[in-house]
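Computed from a prediction, not measured in an experiment: that's the story for all the values here. Order of the sequence lines fixes the chain letters, A, B, ..., with proteins taken first and strands second; residue numbering starts at 1 for each chain.
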Amino acid sequence: MNKSKIVVAITIGLMSFMMIYIMMVQINIVNEYDGEEIEIMREAELKTTLAAYKEKYEEANNELIDTKAKIEEYKKDEKTEEDAIKLLEEEVEEANMLLGKTDVKGQGIIITLDNGEEEGIELTSISTEDLVELINELKLAGAEAISINEKRIIATSDIAEVGYSAIRLINNERTTAPYIIKAIGDIKYLQSALNIKGGYVDSALAYGHKIKIETQENMTIEKYKKDITMDYVKK
Amino acid sequence: MIIFAIAIGCLVGIMLGINAPAVSYIYSDYLAIAIIAALDSVFGGITATLKEKFDFKVFVSGFFGNAILSMLLILLGKKLNVDIYLAAVVVFVGRMFNNLTMIRRFYLEKWDNLMKLKEQVKQEKSNQTKTEK
């Protein structure tokens, strides 16, 4: 009698334990999925929502495709713009080169011009006219870049004398003999233009100047070092 | 002693159940119906006890049998695409309400009887005092 009662009590205890345990598990599950709409829905509802989502997805996908196409277009535009910028840059560089604002390299000749000397006494000094003439000759022979004592000759360059002294102004900078004149251009033309009979070399020698002509395959002429400004010229 | 056993069972169940591992949501239907069936058995058992018709074997077999059978029925319902668990819930909860009504009535009758008894005792007492006077 007592034994069977104990068995009953234990069984009922176990049963209540199982029931409460399962209840707690279920509560846990419900809590975990609480707020998730999708779990409460019926199958039909789920189907309709699924269809709605599919539609939305398709719309979004189409939009995405459109946007991608647009981006592609923009990229193309950008590319053409970049090309234009590159072209402009190239043009600017070329213009700078023509102006003399960049260092340039190439084949050319180096002329060393000095006052004639005889036993330490200067015979004749080189005048600005000599220099101007030389530069004109070089330009005539197709020189593309010229410098005198590393002073680049550009469109606005000046070659002037300071009084009757030996100082010459080139680009408003002082310099004296000897003059090293570099010119980039066709070596043959330049040399023959200077060496022609009755040409510059002849006349320079006749005046008693020292003149020496060298050729160089790859030489550098430095850029014009000042700013090129225009205060009065207007468009 | 039985009440003690129930209390211990409930306490241990809560303590272990709070940290119970999460089961997939798919099984929540089965667990819910098993709980409802077990509760129905519990209330049935209480009613039977009150009516002094309680049979331990019937109670235990009903507790487990109903739970397992209802779970199987739900499985069948899922296979046949019928919401059988709705029917099971209706039946079990309906029976639970019936049992609860019976329990309530039993205690109400008891209460009434107690009140009547008290009044009788009072009346008897007053009668006694009257006769004494």
Pairs of heavy atoms under 4.5 Å with chain A: top-ranked of [options]:
| options | answer |
| --- | --- |
| I8(B), V60(B), I18(B), I3(B) | I18(B) |
| A34(B), A7(B), G17(B) | G17(B) |
| A38(B), G9(B), A67(B) | G9(B) |

Just so I understand: if I count every heavy-atom pair under 4.5 Å between each of M24(A), M19(A), M15(A) and chain B, which residue has the most?
M15(A)
Tell me if the [atom1] atom of [X] is crowded by more than 12 foreign heavy atoms within 6.0 Å.
| X | atom1 | value |
| --- | --- | --- |
| K226(A) | NZ | yes |
| E93(A) | CD | no |
| K78(B) | NZ | yes |
| Y189(A) | OH | no |
| E94(A) | CD | no |

Pairs where [range] contributes a residue and the test salt bridge (Lys or Arg N to Asp or Glu O under 4.0 Å) is met, not counting sequence neighbours:
| range | result |
| --- | --- |
| residues 179-191 of chain A | E150(A)-K182(A) |
| residues 105-114 of chain A | none |
| residues 8-23 of chain A | none |

Kindly give the heavy-atom pair with the smallest separation between [X] and [Y], and that separation in Å.
| X | Y | value |
| --- | --- | --- |
| A32(B) | Q26(A) | CB-NE2, 3.3 Å |
| A9(A) | A5(B) | O-CB, 3.2 Å |
| I6(B) | S16(A) | O-OG, 3.6 Å |

Where on L14(A) is there a heavy atom nearer than 4.5 Å to chain B: the side chain, the backbone, both, or neither?
neither
Below 4.5 Å from any heavy atom of chain A, which atoms of F4(B) appear? Answer side chain, backbone, both or neither.
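Contact with chain A is absent: no heavy atom of F4(B) under 4.5 Å.
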Identify which part of L11(B) has an atom lying under 4.5 Å from any heavy atom of chain A, answering side chain, backbone, both or neither.
neither
Rounded to the nearest 0.5 Å, what separates atom [atom1] in [X] from atom [atom2] in [Y]?
| X | Y | atom1 | atom2 | answer |
| --- | --- | --- | --- | --- |
| M18(A) | I35(B) | CE | CD1 | 11.5 Å |
| F59(B) | T11(A) | CZ | OG1 | 10.0 Å |
| I27(A) | I14(B) | CD1 | CD1 | 9.0 Å |

Between V12(B) and Y21(A), is any pair of side-chain heavy atoms under 4.5 Å apart?
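Side chain of V12(B) against side chain of Y21(A), heavy atoms only: no contact under 4.5 Å found.
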Do any of residues 105-119 of chain B have a heavy atom less than 4.5 Å from a heavy atom of chain A, and if so, which, in residue order?
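Hits under 4.5 Å: none found.
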